[in-house]
Amino acid sequence: MSEQTLVDSNVSSISKAGLLSEQLLTNNLEERTVHKFGGSSLGTVQSIESVLAIIEQRISDQDLVVVSANGKTTDKLVEIIDLVNLCQETEDEAFTHLLLLIQAEHKQLITELVAGDSETAIELVAKLNDDIRQIQQWYLQQQLIDNSNNVLAFGEIWSSRLLAAALTQRGRAAVAIDTRECFVLDCPLKTTLDSQLSSTNLHSKLKPGQLHILTGFIAVDRQGKTHTLGRNGSDYSATLAADLIAATDVSLWTDVDGIYSADPRIVPSAKKLQRIEVSVARELGRLGNPVLHSKTLSPLKEKSIHLHINNTFYPQQLGSEVGVFGEIARQEVSITHSNQLIGFQSKRFNKKLLAVISEEFSTVDIDAAQKRVIISAEQAYGLRHYLQEQCVDFATHSMSLLAAVGYSIRDSRWHREFIKTIEKSPYPVAKVSVNEHSLVAFSYEDCQIEWVNKLHNRLTREHKNIGVIVAGTGNIGETFLSNFSAQQQAQEALNQVHLIGVMNSTKGWFDVDGLSADKVASEFSNNAQPCDIEGLLTWVQRHPFDEVIIVDITPSEQFANNYQQFFDAGIHVISANKCANTFAREALGLLQQSIDKNDCQWLSNTTVGAGLPINYALKDLIDSGHQIEEISGIFSGTLSWLFSNFDGSKPFSELVKDALDLGLSEPDPRDDLSGLDVQRKLLILARMAGFQLDLEDIDCMSLVPESLKSLSKNEFLQQSHLLDKAFSEQLAEAQANNACLRYVAKLTYIDGKIRVRVGIEALDNNHAFANLNPCDNIFLLKTNWYQDNPLIIQGPGAGREVTAAGLHSDLVHLCRQLNSKHQDVDIKGIN
Ligand code: ADP
Ligand code: ASP
Ligand code: MG
């Protein structure tokens, strides 16, 4: 059993992620998490305080905490060992300097985090001094190299002791556990555990009522000799511990909120990868990327453990999740580099020896033809030792790598792109190695930051991953969805746009791995689950996309009332729904604040004139300095049709019924006859033109007499003949003057005076508004520069196809903007 379990357990990774914080707060014994804090989270007093706060708020006693050494302690301990290995003249001085520095740093952390004059602090400092003396003694007795793993172990020992003491002093009982008392390796070279023995050992240490702080990075062999799990090995310690206690989640707390498309410290345009395939993460680790140790994922293969990478400095942010996902997550590419490689070359590297090396060591590349093995500098010690033992002569060279890692990248379009970029780049390539999930260029020269950026920009200049949720499955919603796939094919801006949810007022169908828009019509009813706006809000709060857009094709005021919450969650909105656009100015101001604060976009170009570009024309006139003097026209397709056909040959009420039968009116025709829709549209245009108005500032003539307003729809239809007398009289009067009746919206702004109204007008038969195709809309814009010859836009202003097309136009515009939006990575910490 292996990745299949991960597939099953990740079916609903988003709901899982959504549950995470709740689970942490609700002491659910079945759900245990191992939290690992890396050196970058433990380097300063301030960062350790963040860790303490996370533990306090999110970590319960049945969870485990695994810690790395504080800050760069391991680097310094490695430096000490290297000094001795190199036997330089100034060794004594440098050794003493480094050791004192390590001692001083740790002493300072103790005094600042554990009240300096307390007994606990005094005891901790005394233990630290003993340890420092021990290192000195090994040095003086020339036993330091033999004890190098014991020296390295101190980093994690000091860190776990300090955290346990600081917690205890803050009233949270905690105890440090040296994992050398539990983790027993059955094969030290491969760093695999004797699980049974290690589990028994660990469980014997776990006591109720206290939090256990385990040292990462270290273990012992069967003889009790200390071994390290390799640089960044605490990640691996955490997943090993999770395996032993059957935890459901592992959280790696570090100084970035996830795995990025490149190291965000050196590639400013790197973007967070929300979901990373296990195989891709493993490959990143194998190539030496520090964000995940190469072995971290091996214990996960056996059990369904979810792995998250979280940011200690922004704990509320949703980090990356490592697991097995669908196509969308598999399209991500990450660039990594390392200058810490050693190439071993030997004439004696025959097939047999290379097979043994491959079996025993984590190599980065083995090349039988070149008789060369490339391995991390860290692992090189072991290989060197092994080859010497086997009396194999070899030469070594420093090497570097620059790689693109992605799911099945070998068989993807990235392969050619990578080769082309590498060929053109100044990175002096010694060899390109093509693997299933990685393309690696090796060199004998260091890889420069500039080259990493170049490759990254070339391979990831692609679009963002954008999730789209469609709310509303009526006529327009259906048409919008039926055109979705064709648009995705046709529009470059939609390359990485995925339909991830469709909902109506009672049900929703969501899938972070994407829905096929073509199947929604036939499969929605079978797949949709009961869902309300609350459910949607919870779901979108923790989505794994770079951006999410909600397309509101509902007529619902209740839905529009949630826009603020969408914007607060960083979600963008495209609305055909006019409700929010016509909120009172105060409420609209709050929406705008939320949009600005969260860097969101809200497009609603179909709310007036459906697909007609009236909004763009108006914006363009304003941008180019025109002063608007009149906005007028016929804004309702239904009223346009009714009055175009109202020539006296048929009573008005009969035409109303015809419009209903032909599907040209709202289900209740009074919604059109009330004029509210036209009033709203005029308000939207007026506000766009900069006039500070509210709905009640616009005079609205309703065509529904008081007596018919409160009837049921059927009663209204039965009694609609009551409309006819008044309409016939008005028509007769107009016709006597060579005029016709039209329902007109009109804003005028002359000499600083504004007049806004919607209602019936008698217009000369030659008037521009008098000769429309039935159903058409017409918009007239008069400005200081367009006076006698105003700008007119005329055409179908309603209908499912044109409205859906207008929404697609908004989607393309929005995606273009989002694709060019750059977010700087905010990094705190010590590195
Ligand atoms: P910790 O001390 O928490 O174990 P590390 O320093 O080992 O953290 O690893 C985190 C660092 O990894 C980040 O600060 C970042 O500079 C580096 N890094 C390299 N590549 C990536 C990547 N693709 N995504 C995120 N971080 C990366
Ligand atoms: N302290 C060790 C290192 O720096 C282990 C770890 O941080 O994961 O590599
Ligand atoms: Mg690390």
Side-chain angles (χ1 to χ4, degrees), residues 35-44 47-48 50-51 66-79 102 149 151-160 179 191 214-219 227-240 251-274 276 280-281 283-285 287-296 309-313 319-320 322 332-340 376-378 402-406 447 449 452 455-456 460 825-831:
H35 295 267
K36 173 256 169 178
F37 292 93
S40 60
S41 302
L42 297 163
T44 62
S47 56
I48 297 175
S50 308
V51 171
V66 172
V67 289
S68 296
N70 298 105
K72 299 278 188 191
T73 304
T74 310
D75 285 351
K76 293 186 186 113
L77 293 170
V78 167
E79 221 181 307
I102 294 172
N149 286 338
V151 172
L152 292 175
F154 279 127
E156 271 63 17
I157 300 281
W158 295 328
S159 171
S160 59
T179 36
T191 57
L214 276 58
T215 55
F217 186 50
I218 48 176
H227 290 266
T228 75
L229 305 178
R231 292 308 307 270
N232 289 304
S234 305
D235 300 339
Y236 180 38
S237 305
T239 51
L240 286 173
S251 241
L252 303 180
W253 294 91
T254 180
D255 61 349
V256 272
D257 55 353
I259 301 182
Y260 276 69
S261 55
D263 184 343
R265 278 172 205 287
I266 60 168
V267 179
S269 57
K271 72 163 194 168
K272 183 160 87 185
L273 309 181
Q274 316 280 354
I276 299 101
V280 174
E283 191 63 0
L284 274 170
L287 297 175
N289 187 291
V291 84
L292 267 192
H293 177 275
S294 57
K295 286 276 177 70
T296 309
I309 289 95
N310 292 324
N311 191 335
T312 302
F313 305 97
S320 300
V322 178
E332 302 284 15
V333 174
S334 194
I335 307 300
T336 189
H337 82 291
S338 168
N339 288 331
Q340 308 292 319
S376 70
E378 192 196 356
L402 174 58
V405 185
C447 177
I449 288 179
V452 184
L455 183 65
H456 179 266
T460 60
V825 186
D826 200 352
I827 300 173
K828 282 191 190 169
I830 54 140
N831 289 335

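All residue numbers refer to positions in the sequence shown, counting from 1. Each ligand, and each atom within it, is numbered from 1 in the order the structure gives. All heavy atoms count here, side chains included; hydrogens, waters and symmetry mates do not.
- Contact of the Lys295 side chain with the Leu229 side chain is not registered, since no non-hydrogen atoms from C-beta on lie closer than 4.5 Å.
- Every N/O-N/O distance between Ser41 and ligand 1 stays at or above 3.5 Å.
- Each of the following atoms of ligand 1 lies closer than 4.0 Å to a heavy atom of Lys36: 4 (O).
- For the residue pair His456 and Ser261, a side-chain donor N or O sits within less than 3.5 Å of a side-chain acceptor on the partner.
- Between Asp235 and ligand 2, a contact under 3.5 Å exists for no N or O pair.
- Residue contact annotation: Gly258 has a non-hydrogen atom under 4.0 Å from ligand 1.
- Residue nearest to atom 18 (N) of ligand 1, selected from Asp263, Thr74, Val267: Asp263 (by heavy-atom distance).
- Remark: ligand 1 and Tyr260 share an N or O pair separated by less than 3.5 Å (distance only, no angle test).
- Look at Ala262 and you'll find a heavy atom under 4.0 Å from some atom of ligand 1.
- Ligand 2 places these atoms under 4.0 Å from at least one heavy atom of Ala69: 1 (N).
- At a 3.5 angstrom cut-off on N or O pairs, Gly39 counts as close to ligand 1.
- Taking any N or O of Asn289, backbone or side chain, at least one lies under 3.5 Å from an N or O belonging to ligand 1.
- At a 4.0 Å heavy-atom cut-off, ligand 2 touches Glu156 through the side chain alone.
- Applying the 4.0 Å criterion to heavy atoms of Ser68 picks out, from ligand 2, the atoms 6 (C), 7 (O), 8 (O).
- The shell of residues lying under 4.0 angstrom from ligand 1, judged by heavy atoms, includes Pro264.
- Remark: among candidates Asp257, Asn232, Ile259, the nearest residue to atom 7 (O) of ligand 1 is Asn232, based on non-hydrogen atoms.
- Ligand 2 places these atoms under 4.0 Å from at least one heavy atom of Asn232: 3 (C), 5 (C), 6 (C), 8 (O), 9 (O).
- Any N or O atom pair closer than 3.5 Å counts here, and Arg231 shares at least one such pair with ligand 2.
- In this structure, Val256 is part of the shell of residues with a heavy atom less than 4.0 angstrom from ligand 1.
- The shortest heavy-atom distance from Gly39 to ligand 2 is not under 4.0 Å.
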